[in-house]
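Order of the sequence lines fixes the chain letters, A, B, ..., with proteins taken first and strands second; residue numbering starts at 1 for each chain.
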Amino acid sequence: MSARRHEGPDEGAGGFVQQYFRNEQRQRLPVLKHRLQLLYAIETHLTTIVIGEPGSGKSTQLPQFLHEAGWTADGKVVACTQPRRIAAAMLAQRVADEMGVELGTTVGFSVRFSDASDPQTTRIKYLTDGTLVRECYADPLLSAYSVIIVDEAQDRTIATDTLLALLKKIQRKRRGDLRVVISSATLDAERLQAFFGKDDTAIVSIAGQLFPVDTQYLDAPCENYLTAAVETVARIHELEAPGDILVFLPGKDDIAAAISQIEELTHGDARLASLQPLPMHAGLSTDEQRAVFEPAAAGMRKAIFATNVAETSVTIDGVLYVVDCGFVKQRVLDLATGLDHLVTQPISKSSARQRAGRAGRTQPGKVFRLYTHEALGSSLHPRHEVPEACRLPLAPMLLTLKALGVNNLVRFDYVQPPPPALLSHALEALASLSAIDLQTGALTQDFGLYLAELPLDPPLGACLLNSVRRFGCAREAVAAVAMLSLGESPFSAPSGRMAEAREDWRDFVVQEGDVLSRVNVLLGYQDTPTRARQQWCRTHFLNARLLDQATRISRQLEGYLARFGYGKSELASSCGRDASLLQRCLVSGLFANAARRRGPSGGSYQLLRGGGALDIHPSSVYFGADATPEYVVFASAMTTTKAYINGVTAIDPAWLTALAPNYYSASQTAPV
DNA sequence: CACCAATCC
């Protein structure tokens with residue numbers, strides 16, 4: 001181990017004045033006081049758990065400490081993973097600036113669609129945890145890395161949990177040659193220490209740079225968190241010193257309702273006229289989000305009504321007051337129906353702490369919790385969020401593990417074992433797609449392996465592979481799965497101009513349903529010159545951000561197909577005027593989501609394999625349509641106020657028995 | 001008929 005020690009590397013770049021300024025900034029960070037403690041812990045333990053509040057500087061400084069201490073000698077790399085792409089890119093940029101090097105040289109990052117790293121020169125590399133998991137395909141021991149820092153581990157995403165489980169295995173195989181650092185704000189540290197082995201795991205706590213936050217609770221539970229939130233904002237505005245307000249609400253509808261209530265209040269009350277309500281959620285365009293980051297106009301106070309994006313992903317400066325309704329929307333797989341639910345539920349205790357911390361970033365702040373102290377202390381609010389691997393469909397994760405040589409998925413050493421029913425649900429799904437062989441449990445040759453490599457949900461991956469192998473409609477299928485993988489509809493118009501928009505959309509919308517209509521949109525977008533695309537989207541009431549993203553996904557998917565050995569002509573294959581080719585291709589992957597209309601007309605459906613009513617989602621082209629198809633497959637189902645299906649395509653039921661004979665017998669799909 | 005949290009490969 002001592003061989004890799006040497007004096008701190010001399011980067012050479014950067015003048016004296018800049019260097020002085022950089023050091024000045026770094027010296028204020030709390031993590032500096034723990035430099036030796038951290039380096040010692042990492043030197044003497046295989047795994048180190050670092051608990052540090054936001055603002056401690058751990059994400060930017062720890063990789064530099066390790067670099068300076070020699071962990072990047074011999075060409076080795078220190079990795080730091082993040083759950084989100086923006087974070088990985090921004091941290092890399094910051095550290096490159098601090099070190100006075102150009103991004104992409106000594107300091108780099110690698111995320112989907114963007115790789116600013118160089119295998120020859122990069123020594124500190126920021127990645128998303130999903131990207132690092134994928135690097136295991138090429139290098140199962142991650143041998144390029146000497147230390148892997150898994151940051152923001154409290155999020156417990158599927159990718160983070162997958163990575164942690166793999167790292168434990170890799171550590172064994174590399175015989176003490178790989179150090180793992182798990183870093184997080186408020187972590188279930190004991191669980192992770194137990195997972196990685198108590199003797200080999202150190203825990204280091206770092207104080208944050210947060211200011212004290214004064215906490216206020218309700219004396220009694222409120223009946224309506226929306227009303228309570230609006231009243232609290234008004235009261236803060238009247239009674240408290242200047243400073244912006246951040247309000248956590250579960251969803252967009254609540255945000256819109258709260259803002260309109262505030263606007264009503266400000267009309268009737270001159271004292272509230274200086275309150276400036278603003279929405280913040282992931283559905284907003286970058287332009288719409290900008291207002292939240294700009295300082296309030298002179299004499300005005302911003303009140304930002306936000307979803308959970310503001311809890312971790314987005315940081316807004318100048319917030320002194322936080323109003324926390326105490327709820328969050330979370331996706332949960334309902335095993336009884338096999339459908340996703342979006343449930344509004346009480347937040348965890350650690351999430352409540354995280355939200356409160358948003359008030360104390362620049363000076364002492366206040367948090368107004370719209371629940372009682374007793375409630376927060378009770379079992380109503382769990383200590384931590386349920387990890388994704390214990391509540392979401394696991395087929396993608398299991399496919400990854402299989403591809404990396406994990407044979408027994410039931411006995412695999414998960415950070416937290418998923419409920420057995422969740423595992424069997426995923427295994428059945430994979431078997432029905434012929435991704436795994438039910439007898440041997442192995443990935444099927446080529447097909448299963450390709451599905452594991454594709455950055456798509458397995459059913460969509462199956463559609464894509466079948467488009468080149470069986471149907472000859474790759475051009476349309478690439479567009480279709482790219483759109484479906486984003487979920488949202490590209491058709492979006494302000495409510496006031498809906499009629500006008502609908503008229504325009506008739507150029508794209510076809511009777512075959514959402515998927516073919518969205519393919520028309522995406523191919524139309526891609527046929528438009530790049531510089532004219534924004535305007536094209538505006539005139540047609542289409543979501544430009546979504547179509548840009550779908551275009552990048554399309555290109556990436558074509559790259560995968562080319563790597564799998566499919567030639568130019570196969571990639572260019574098109575169904576031409578025969579839409580049924582694409583429809584059958586969709587059935588070949590989405591057959592499990594086949595549904596039949598319940599009445600002689602209308603938008604109420606039912607799964608062929610049984611279950612309750614499924615309604616056409618309002619963003620589907622079939623919503624409110626005069627004529628709806630009797631049989632459909634859908635790309636997604638989600639229960640919110642009702643069970644809704646979206647991404648709907650008309651089908652011929654005979655295709656189901658032809659394309660998924662093991663899943664459907666002829667009698668199930670025969671018309672009554 | 002009346003609507004989805006935010007992420008990632």
Side-chain angles (χ1 to χ4, degrees), chain A residues 81-88 110-115 127-137 152 155-163 248-256 280-284 306-314 327-332 340-345 347 351 385 388 391-392 396-397 399-400 403 451-458 460-461 482 485-489 491-492 495 498 549 552-553 556-557 559-560 599 601-605 613-620 622-626 628 636-647:
Chain A
T81 72
Q82 298 289 319
R84 285 164 285 277
R85 293 164 47 197
I86 306 185
S110 178
V111 301
R112 189 182 189 182
F113 305 128
S114 181
D115 184 359
L127 318 84
T128 47
D129 28 29
T131 304
L132 189 56
V133 168
R134 265 159 199 278
E135 286 194 2
C136 295
Y137 288 162
E152 306 286 344
D155 285 15
R156 299 297 303 276
T157 64
I158 292 215
T160 304
D161 273 20
T162 307
L163 180 61
F248 284 100
L249 291 171
K252 286 182 248 216
D253 49 342
D254 282 326
I255 288 170
M280 180 69 210
H281 53 80
L284 298 175
T307 59
N308 236 21
V309 271
E311 190 180 301
T312 45
S313 308
V314 160
F327 288 94
V328 66
K329 282 189 189 180
Q330 247 188 10
R331 188 161 79 105
V332 176
D340 283 340
H341 268 234
L342 195 63
V343 245
T344 304
Q345 58 188 30
I347 59 172
S351 178
E385 239 59 62
E388 284 185 357
R391 60 179 162 90
L392 294 186
M397 181 180 78
L399 215 42
T400 304
L451 280 190
E453 285 206 45
L454 285 169
L456 289 169
D457 259 356
L460 295 182
S485 71
L486 291 169
E488 273 176 81
S489 163
F491 300 109
S492 88
S495 51
M498 215 44 193
Q549 224 176 331
R552 287 194 291 173
I553 295 173
Q556 192 190 30
L557 295 177
Y560 274 97
S601 64
S604 183
Y605 286 79
L614 302 170
D615 288 355
I616 297 286
H617 190 271
S619 70
S620 164
Y622 287 139
F623 183 78
D626 296 330
T628 49
S636 68
M638 177 98 87
T639 304
T640 54
T641 49
K642 272 196 254 179
Y644 286 109
I645 55 176
N646 208 340

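- Taking the nucleotide of DNA chain B with the nearest heavy atom to each of A:Arg84 and A:Glu488, the more 5' of the two is matched to A:Glu488.
- Looking at heavy-atom distances under 4.0 Å, A:Thr131 makes contact with sugar-phosphate atoms alone, never a base.
- Across the interface with DNA chain B, nearest-nucleotide mapping of A:Gly624 and A:His617 shows A:Gly624 to be the residue nearer the 5′ end.
- A donor-acceptor pair shorter than 3.5 Å can be found between the side chains of A:Ser351 and A:Glu311.
- The backbone N or O of A:Gly602 lies less than 3.5 Å from a partner atom in the side chain of A:Thr628, making a donor-acceptor pair.
- Counting non-hydrogen atoms under 4.0 angstrom, A:Val111 reaches the backbone sugars and phosphates but no base.
- Among the atoms of the strands shown, only primed sugar atoms or phosphate atoms (P, OP1, OP2) are found under 4.0 Å from some heavy atom of A:Ala282.
- As judged by a 4.0 angstrom heavy-atom cut-off over every strand, A:Gly251 is placed among residues touching the sugar-phosphate backbone only.
- Judged by distance alone, the side chains of A:Ser619 and A:Asn646 do bring a donor and an acceptor atom under 3.5 Å apart.
- Here the range on DNA chain B touched by chain A, meaning any atom under 4.0 Å from one of its heavy atoms, is B:dC1 to B:dC9.
- Under the 3.5 Å distance criterion, the side-chain polar atoms of A:Tyr644 are left unmatched by any main-chain donor or acceptor of A:Ser636.
- The distance from atom CZ of A:Arg156 to atom CD of A:Glu385, rounded to the nearest 0.5 Å, is 11.5 Å.
- Note on A:Arg134: a base of the nucleic acid sits closer than 4.0 angstrom, heavy atoms only.
- At the heavy-atom level, A:Asn646 lies under 4.0 Å from base atoms of the strands shown.
- No contact: A:Thr400 has no heavy atom under 4.0 Å from any strand.
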Before you tell me yes or no, could you show the steps for A:Thr639 and A:Leu342 under side-chain contact (heavy atoms from CB on, under 4.5 Å), namely the whole-Å CA-CA distance, both residues' side-chain angles and the distance that decides it to 0.1 Å? CA-CA 6 Å; A:Thr639 304; A:Leu342 195 63; over 6 Å; no
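- No engagement by A:Thr157 is indicated, since no non-hydrogen atom pair under 4.0 Å with the nucleic acid exists.
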